[in-house]
Structures are given as C-alpha cells and as structure tokens.
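First comes the structure, then the notes that go with it.
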Amino acid sequence: MRRFRLLRRAELYGEDCELLGVSFTDQIFTVVPDACFKIERTWTIINWCSYDSNLGCTFVPNPNPNATANHASNLAGPTVSPFGTPSPWGPTVTKINPGDQSTTNYSQFWSANVNCYQYKQIIKIIDSGKPTIDCPTGTVDVCDLTDNDTNLWNESYWFDDNTQQHDLCEGPTDLCVTATDACSGADINIHYLLFLDLDNNGSMETVVNSLNSPDPNVVNYNNANTQNFTGGVVRAFDERQVPLNQKYRFAIQTTVNGKFKTACLRWNTQAQPDTYTIPELPYGTHKIKWIVEDGCGNQEICEYTFVVKDCKAPNVLCLNGLATNMMPNGTVTLGLQGFLQDASDNCTPKSMLVYGIREGGHGTGFPTNPDGSPQTTVTFDCTTLSFQLVEIWAKDKYGNAGFCETFVHVQDNIGVCTSTNATVAGWLATDSGHGLEEANVQVVCNAPTGQPPVNLFNLTDDNGHFQFNNAVPIQCNYTVTPLKDNDPLNGVSTYDLVLINKHILGIEKLNSPYKIIAADANNSRSVSTFDLVELRKLILGVYTELPSSTSWRFVDKTYTFPDPSDPFKEVYPETKTVWNIKANQMEDDFVAEKVGDVNNNSVPNNAMFSDDRSAGTLLFDLEDRFVKPGEYFTATFTAAEQVAAYQFSMNYTDLEVEDIIPGAGMSQDNFAVFSDRNTLTTSVETKENAELPTFKVRFRANAAGQLSKMLSVSSGITKAEAYLTEGATRAEVSKYDIAFRFNSGGVQTITGVGFELYQNTPNPWVHKTQIGFHLPNATDATLTVYDELGRKIFSETADYNQGYNTIFIEHALLDKPGVLYYTLETVFGKATRKMVQSQ
C-alpha cells in the first residue's frame with residue numbers, strides 16, 4: 001500500500017517494492033497582481049511497476065479554501081490516502097474552492113491501481129526588499145590624460161570659455177555600478193539618467209535617458225526642463241567621417257557575475273551594437289543617476305556628481321643649453337625665450353599657455369613673482385659662474401604645469417667677478433608687492449684696513465629697485481638704510497582713522513603687522529588715540545609732516561615677526577647689516593609701509609594711480625542769506641546722510657571765523673582754522689546709527705554779500721571727500737565728493753569744489769613730481785612751467801575730466817634745478833604755484 005502527501009515537494013509513505021518516479025514541470029508568470037511572480041509547478045508521480053503510458057493520470061486538485069489570496073490555509077498541499085488512514089497520513093478534508101458548499105475528502109482520489117497522479121502546485125514569490133548598489137559616496141573625479149579629439153564635440157554651437165574655442169575638451173569617462181538583489185540576484189533591471197553641463201556654466205541643462213537614448217551623433221541640448229526629457233535642441237557630438245550607422249550613440253552595457261549585475265555608461269553604434277566604447281565627455285561638473293529595479297518593482301537609486309577635468313601637464317621642450325657673459329654690473333638677466341624650443345598641451349592652445357623660468361632647485365611648482373605674476377627672467381651674479389641648471393615651465397588654462405630642464409654657462413670674460421668690490425642691490429616694495437620709487441637708500445661700510453670708508457646714496461627706480469654697482473669692498477661690514485620722508489598725506493585720509501580706531505577698540509583688528517606699524521604715527525611702538533591725534537593734525541593741515549615719524553617705514557623682508565598681532569613685541573630691523581661680504585649681495589629687500597595708510601591706497605610709484613572716482617556726493621545743508629558788514633551770524637552745516645567719515649576744506653570770502661561749535665561726537669580737535677588763507681578744515685569720523693553730522697560756525701562779515709557766494713568747498717588743504725560703508729560687514733567702502741546745498745525759500749543752490757590748482761608732490765623733487773588740480777567740468781587745460789626769471793621752459797595742453805586730475809613732470813622735461821613756477825590755465829580761471837627741483 002502506498003500513501004503520499006503533495007507539499008512543496010512530493011513526500012511518499014509506505015513505499016515497499018514499488019519503483020516510483022517523481023518529476024515536475026514549471027510555468028512562470030511574471031505579471032501577477034499579488035506577488036512579484038508566480039510558478040505553476042505540475043508534479044507527476046508514476047509507479048513504473050504498473051505504469052501504462054496509454055492510460056491517463058488521476059489529477060489531484062489544488063485546494064484554495066479561503067477567498068483571501070495567499071491565506072495560510074491555501075498554502076498547505078493535500079494528502080491523498082485511503083479513507084480511515086490514521087494521522088499523520090490521513091486524507092485531507094477541505095474545500096477545493098472558497099465557494100464550495102461542503103468539504104471534499106481527498107480519499108476519493110485514492111486508488112490502489114492508479115496509473116499515475118498529477119498535481120499542480122502554486123508557488124508565489126513575494127519580495128519587499130530593495131536591491132543593493134555599490135554607489136560612490138562623494139564626487140567622482142574623472143582625470144583626463146588624453147589629447148583632445150577634434151572629431152568630438154567640435155561644432156560652432158559648442159564653446160569652451162577657458163580656451164575660447166568651439167571645440168570642447170573631453171576625457172574618457174568610465175562610469176559603472178554593480179548591484180544585486182536578495183531575491184532576484186542578478187535578475188534585475190538597470191538604467192541611467194545622465195545630466196550634462198555642456199556649456200560649463202554650473203547648470204546641467206542636458207539629460208540623456210538610457211531607456212530612450214537619442215539617435216546616433218545626437219544629444220538633445222537643453223532638455224532638462226522638458227517633459228520626460230524629450231525636448232531640447234538636436235546637437236551633434238561625433239564629427240568622424242563615417243556613415244551614420246557607425247556614429248557613436250549613448251548606450252548601456254551590462255554584465256553578470258554570479259548574483260551581481262554591473263552596468264556601465266557606454267557608447268556603441270547601430271552597425272555594431274554589441275561593441276562598446278568608453279564615452280568621451282566634455283570637461284565640467286556633471287551628474288549620473290542609476291536606477292536599479294528588481295522583478296517585484298522594488299527600486300534603488302544611486303546618484304552622484306562627477307567632474308571631468310584636465311590632469312595632464314603641458315609638454316615642454318628645452319633647447320640644449322646656452323652660454324652667456326657677465327655684464328659690467330656683475331649680473332646677467334636672461335629671459336625664457338633663449339631656452340624654450342617648444343611647448344604643447346592636450347587641451348589649451350599653445351598661444352594661451354603661460355610660461356615661467358627659474359633656477360634649477362630654487363623652488364617647486366610654477367615659478368611666480370611675489371605679486372603672483374609669472375617669473376619670466378632669471379638673474380645670475382658672480383656667485384653663480386660656470387654651469388647652472390634652469391627650469392622652463394608652461395602652465396595650461398586649468399592650472400596644470402610642466403617643465404623641462406636645461407643649463408646656462410655663466411661666464412666672466414671681462415673679469416667683472418675678479419673685482420675687489422661687490423655689488424649691493426635690493427627692492428623696496430609694499431606688503432602688496434608694489435615697488436616704492438624715489439626712496440633714498442644709504443650704504444655705509446667700514447672698509448678693511450687701508451681702504452677708505454664707504455658712504456653712498458642711491459634712489460630706487462620706478463619698480464623700487466636699488467643697486468650699488470661694484471661699490472662695496474670685499475670683506476666689508478656694511479649696512480643698508482632706506483629712507484623716504486616726503487608726501488606724508490599720500491594714502492592718508494579720515495577713513496584710515498576709522499580703521500585705526502576700530503583696531504584700538506578691538507572691534508576689528510588690523511590684519512597684518514605692517515598695517516599696525518603704519519598706524520603708529522607717533523613712533524611710540526604702540527597704537528593708541530595719540531596716533532589718531534597726530535594723523536588728524538596732518539589731515540587738517542596743522543602739521544605739514546609727522547613730528548615723530550618719517551612718512552615711510554621699512555622692515556627687513558627676511559624678518560619674521562614672533563607675534564604678527566603685536567609687531568612691537570621686539571624691535572624689528574629697519575636696516576640690514578651684512579658682515580664680511582664675500583660676493584655680490586643682490587637681495588637686500590625691505591617691506592615699505594606708508595605711515596597712516598592702513599587701507600593700502602597710497603601710491604608708491606607713478607605706474608599706479610589713485611582711484612579718485614566718486615560714487616556720489618555728500619551734501620551739507622545750510623540756510624542761504626544776505627549778510628551785512630560787521631554782522632555776526634551763525635551758519636549750521638548738516639550732512640544730508642550718514643557716512644563713516646568725511647573731511648574737507650572750506651574757503652570763506654569777506655568773513656572771519658569767530659567760533660566753531662562742534663556737533664555730537666565732535667570736538668574742537670576735528671577742526672582747524674587758517675585765517676591767513678581764509679580756510680577752515682574739518683575731519684570727522686561718525687558712529688554707526690548716530691544722528692546726522694552737524695556742526696556750527698560763527699562768522700563776522702567784513703563786507704555785504706550772499707552767503708552762497710562767500711562759502712565754498714575746497715581741497716586746498718584737506719582733500720574734500722566722504723566715505724560710505726556698505727554690505728553686511730560694512731567692509732565695502734565708497735568715496736563721495738563734498739558739496740554745500742544752500743536753501744532759501746524753497747530754492748536750492750548746490751556748490752562743490754571749483755577750479756583749484758594744488759601743490760605738487762613731492763616737493764622738493766628730483767626725478768619726477770605730480771601736479772594735481774580740480775575741474776568743475778571736463779575741459780582742456782594748459783600747464784606752463786617757468787624758471788625763476790619768468791622764462792617758459794615747458795608747456796602742455798590736453799583735455800581733462802571733471803574732478804581731480806594729475807599731470808606727471810619728469811626730470812628729463814625740466815632739467816632746470818632750482819625754484820620753478822607752474823601755471824594752469826582753463827576756462828574756469830588761472831592759478832600759479834611754486835615748486836623746487838633738487839639737483
């Protein structure tokens with residue numbers, strides 16, 4: 001007797017001499033409403049001892065007694081056995097269908113002489129777990145080391161702002177992900193969305209969808225905001241001279257390794273769809289979004305940005321060596337042209353490469369000057385005779401730099417280097433790297449026994465360079481001392497007082513030791529309100545120079561401050577001493593700092609110009625009126641808006657100043673009166689959110705007149721300007737002009753600075769000086785210079801802009817040392833001043 005149960009697999013009981021065969025066939029359904037997919041497995045059980053292939057099988061129905069899909073009572077397989085068989089092999093008694101009126105005893109399917117049995121088992125696969133992806137956690141860098149392919153991304157509508165070409169530089173971009181699923185294994189679907197920034201403006205405007213890839217040689221440019229990315233402008237990227245079915249198109253390549261599937265971004269062609277190529281994508285920041293889905297509809301996403309960038313340095317080819325001879329001054333300077341044979345880059349055009357040169361072993365990376373510009377020359381002296389290595393560098397538009405190395409044979413054919421004297425040279429430059437011209441440099445040397453002492457002076461050139469050629473005896477102990485003590489108001493204004501005061505109060509500290517040194521106007525080795533007092537007197541014209549400090553201060557460039565926030569902690573070196581000189585000393589450099597200028601707007605040389613453009617005008621309101629001779633009256637001046645600081649001169653005609661009544665936050669120290677010049681000066685810093693600046697002046701009238709004709713703004717002593725701070729940190733400063741607004745019965749009269757000719761600076765002067773003047777409107781002006789006997793020695797006429805203008809005069813134009821006079825003639829008037837040209 002045989003008994004068996006049909007479960008997930010057939011179980012047989014009581015088998016003795018029978019030769020039973022069990023087999024099954026599967027039918028898979030992937031569209032199932034209540035599962036990922038369904039398997040209908042049909043079991044067949046045969047007793048080969050009695051099986052007759054001509055007879056059919058008894059079909060045992062699959063019981064589904066519960067109407068709820070996937071209910072537990074529907075999952076058990078039935079037991080087929082004779083009626084009365086004891087447990088656990090008793091026949092199943094259940095409903096075959098949920099709607100049956102009564103149950104069915106599965107013993108009715110039992111027969112001892114059955115030919116075979118068949119049973120259909122239903123297997124449903126239910127999976128709620130998402131696939132897992134090996135996804136990058138950050139931005140992926142795609143480093144390009146290949147040459148630019150002119151057959152790709154080369155059309156008039158593509159443009160690379162870096163190289164200024166319509167041929168985009170590109171790099172092979174190998175992007176792949178690997179995924180698996182706990183249930184489906186490698187039986188998963190993967191596709192991608194590729195977001196491209198093809199104009200490299202920070203916006204990924206173009207999308208490629210691998211489920212609906214564009215045609216060969218096509219990207220749908222600017223389709224990111226179209227429905228399903230189906231819009232955009234058709235643009236080509238493959239310019240190879242091949243048929244259309246051999247043009248590249250975007251594709252996806254998948255491979256399976258066990259339970260894992262890997263998908264890669266690729267190009268292929270219609271002619272060879274199974275041949276894949278790593279795509280060449282343009283430089284820039286792009287993004288890819290991988291979507292992985294299993295058979296049950298569970299989806300996982302891997303999204304990351306990737307940057308395609310140039311990582312290949314230019315290829316530089318050097319000439320094989322160069323010979324040069326020492327110049328009479330004991331140095332020789334060479335440019336890179338004598339060493340460079342050729343250079344090329346994979347992306348940047350040759351014409352856009354930046355070149356530099358450096359002595360071999362004297363630094364790393366691309367060679368630059370202190371101001372960041374490329375170093376394009378090298379200088380050798382008597383200490384570098386014979387063969388010297390030279391590095392020639394090239395840098396592309398993406399910052400990659402490469403170099404080649406060659407040599408120069410430095411020779412001394414005229415015996416310069418056998419001299420018993422050495423050359424001393426160096427640079428005076430601000431901490432911003434700008435050279436200080438016409439500074440006096442002294443070299444003092446106690447010469448070896450038997451030689452006279454050395455005491456030499458030299459002026460720095462336009463670039464701040466000084467050089468004493470073959471002037472210092474070998475084995476001498478010498479000291480270099482720089483000095484410049486003219487034009488004390490260069491770069492100094494009331495706004496500097498605002499910044500210095502913030503430093504004193506701890507509101508906003510000056511951010512370099514050199515600025516702190518510049519703020520020490522009384523040379524007390526500290527910064528305090530006493531420095532503000534000294535500088536204000538200078539601005540107001542009370543001082544013509546600082547009593548306790550020179551106009552410029554100098555610090556040995558090689559000196560390192562132990563505490564940059566307190567440069568006075570130890571005495572910093574303002575001179576440089578070299579003991580027992582053996583050879584030329586070419587780098588006796590100093591940092592020059594203009595005393596009083598803490599916002600770095602001084603002009604250290606004539607290659608730089610002060611920005612005198614104004615962003616507006618600060619008006620001071622006062623009542624206009626007619627005054628009588630002998631009358632005493634008070635004029636009230638009120639600023640029309642709040643500013644950080646202001647300063648100006650005021651000329652008064654036929655009036656005398658009897659008293660000044662300072663406003664809130666002011667004192668008498670904010671004013672100065674020059675009775676002999678009928679001028680009043682003022683310099684005021686204001687507090688944030690304070691009342692509008694207001695002050696009063698009590699006058700006595702010496703003649704009758706209209707007040708608006710008797711008072712005027714001037715820059716004759718104190719330059720007329722105001723300073724408005726803006727931005728969240730109030731760090732942005734705008735400069736304003738100054739004007740008076742006279743009010744009378746609803747009528748307003750505005751007067752600003754008129755025609756004025758200012759004292760030349762510096763004065764006296766040696767090599768060059770500048771003459772400043774102010775024009776109320778643009779016009780032409782004629783400058784004429786006369787000697788002491790009134791003979792004309794120079795004249796120039798030119799057109800000038802409204803406002804402040806300057807004219808530079810050089811020694812070569814006026815080789816006439818002594819007292820000179822200069823006159824400026826314009827349609828607004830004529831003025832003359834005196835200057836002194838030193839020998």
Side-chain angles (χ1 to χ4, degrees), residues 141-175 194-209 213-226 229-251 265-269 277-288 305-316 342-355 394-402:
D141 286 335
V142 180
C143 230
D144 178 37
L145 298 173
T146 65
D147 289 337
N148 180 45
D149 190 340
T150 57
N151 288 317
L152 298 175
W153 307 100
N154 189 349
E155 283 282 0
S156 59
Y157 39 69
W158 301 125
F159 185 72
D160 189 327
D161 193 53
N162 255 335
T163 62
Q164 297 293 300
Q165 295 187 126
H166 292 281
D167 177 15
L168 303 184
C169 293
E170 70 287 311
T173 306
D174 188 9
L175 302 178
L194 177 64
F195 297 81
L196 299 173
D197 181 7
L198 296 178
D199 50 14
N200 205 9
N201 68 346
S203 174
M204 302 173 195
E205 78 294 321
T206 302
V207 182
V208 176
N209 185 351
S213 293
D215 294 334
N217 190 26
V218 166
V219 289
N220 295 316
Y221 176 76
N222 202 26
N223 67 338
N225 295 317
T226 64
F229 313 122
T230 56
V233 179
V234 172
R235 287 189 176 183
F237 63 88
D238 183 0
E239 302 304 324
R240 293 176 302 143
Q241 299 301 310
V242 295
L244 182 61
N245 68 350
Q246 295 179 27
K247 297 273 190 180
Y248 290 133
R249 64 179 180 179
F250 284 88
L265 170 68
R266 291 292 184 261
W267 280 344
N268 67 0
T269 66
T277 300
I278 295 175
E280 301 269 350
L281 299 185
Y283 291 174
T285 300
H286 314 292
K287 181 176 70 175
I288 191 167
T305 57
F306 61 95
V307 180
V308 184
K309 60 184 180 181
D310 182 13
C311 296
K312 185 176 183 181
N315 185 33
V316 189
D342 194 18
S344 61
D345 187 66
N346 62 325
C347 178
T348 302
K350 185 180 299 186
S351 61
M352 300 183 74
L353 293 175
V354 178
Y355 298 96
K395 182 170 65 174
D396 65 22
K397 297 295 289 185
Y398 297 92
N400 304 300

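Keep in mind the model is a prediction, meaning the values are calculated, not measured.
Pairing each heavy atom of K350 with each of Y355, the nearest pair is O-OH, 3.7 Å. Residues V142 and P172 share a closest heavy-atom pair of CG1-O, 3.4 Å. Nearest heavy atom pair, residue T230 against residue T226, reads N-OG1, 3.4 Å. Heavy-atom minimum distance, V308 versus P282: CB-O, 3.6 Å. Residues L145 and K312 approach most closely at O-CD, 3.3 Å, considering heavy atoms. For the pair V316 and A394, the tightest heavy-atom approach, listed with the atom from each and the gap, is CG2-CB, 3.6 Å.
When atom types are taken as modelled, the side chain of N400 and the backbone of D396 share no donor-acceptor pair closer than 3.5 angstrom. S213 contributes no side-chain N or O that, together with a main-chain N or O of A251, makes up a donor-acceptor pair within less than 3.5 Å. Listed for the H286 side chain is no donor-acceptor partner under 3.5 Å among the backbone atoms of L196. The main-chain N or O of K397 is found under 3.5 Å from a side-chain atom of T348 such that the two form a donor-acceptor pair. Counting only distance, with no hydrogens or angles, the side chain of E205 and the backbone of L198 share a donor-acceptor pair below 3.5 Å. Checking side-chain atoms of D160 against main-chain N and O of Q164 turns up no donor-acceptor pair under 3.5 Å.
Side-chain contact annotation: Y221 with D199, donor-acceptor N/O pair under 3.5 Å present. Side chains of D310 and N346: a donor on one and an acceptor on the other come within 3.5 Å. Checking N200 against Y283 by side-chain atom types alone, no donor-acceptor pair falls below 3.5 Å. Judged by distance alone, the side chains of N201 and S203 never bring a donor and an acceptor atom under 3.5 Å apart.
Ring orientation note: the planes of W158 and W153 are nearly perpendicular, at an angle over 60° on the 30°/60° scale.
No side-chain heavy atom of P314 sits under 4.5 Å from any side-chain heavy atom of K395. Counting heavy atoms from C-beta outward, V218 and N220 have side chains that approach closer than 4.5 Å. In this structure the side chain of E155 reaches within 4.5 angstrom of the side chain of E239, judged on heavy atoms.
In this structure, F195 has no ring pair (Phe, Tyr, Trp, His ring centres under 6.0 Å) partners at least two apart in sequence or on a different chain. Take F229 and apply the ring pair (Phe, Tyr, Trp, His ring centres under 6.0 Å) test, not counting sequence neighbours, and it matches no residue. Y157 is linked by a ring pair (Phe, Tyr, Trp, His ring centres under 6.0 Å) to nothing, counting only residues two or more places apart in sequence or in another chain. Residues satisfying the salt bridge (charged side-chain N to carboxylate O under 4.0 Å, His left out) criterion with D141, sequence neighbours excluded, are K309. Partners of D174 according to the salt bridge (charged side-chain N to carboxylate O under 4.0 Å, His left out) rule, which considers only residues two or more places apart in sequence or in another chain, are R266.
Taken from OH in Y398 to SG in C169, the straight-line distance is 5.0 Å, to the nearest 0.5 Å. Residue S344 holds its OG atom at 5.0 Å from CG of N315, rounded to the nearest 0.5 Å. Taking CZ of F306 as the reference point, atom OG1 of T285 lies at 9.5 Å (rounded to 0.5 Å).
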Working note: D167 + N148, criterion side chain to side chain contact (heavy atoms under 4.5 Å, CB included); need CA distance, chi angles, decisive distance, verdict. CA-CA 9 Å; D167 177 15; N148 180 45; 2.8 Å; yes
Go through the steps for L281 and E170 under the test side chain to side chain contact (heavy atoms under 4.5 Å, CB included), then give the verdict. CA-CA 5 Å; L281 299 185; E170 70 287 311; 5.8 Å; no
Which is it for L194 and V207 under the side chain to side chain contact (heavy atoms under 4.5 Å, CB included) test, yes or no, and what are the steps along the way? CA-CA 5 Å; L194 177 64; V207 182; over 6 Å; no
Run the numbers on T206 and N223 for side chain to side chain contact (heavy atoms under 4.5 Å, CB included), then give the verdict. CA-CA 5 Å; T206 302; N223 67 338; 4.0 Å; yes
Just list the side-chain donor-acceptor pairs under 3.5 Å for residues 242-249, sequence neighbours left out, or say none.
unit_1, atom_1, unit_2, atom_2, d
K247, NZ, D238, O, 3.0
K247, NZ, R240, O, 2.6
R249, NE, N268, OD1, 2.9

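A salt bridge does not link K287 with D197: none of the charged nitrogens is closer than 4.0 Å to a carboxylate oxygen.
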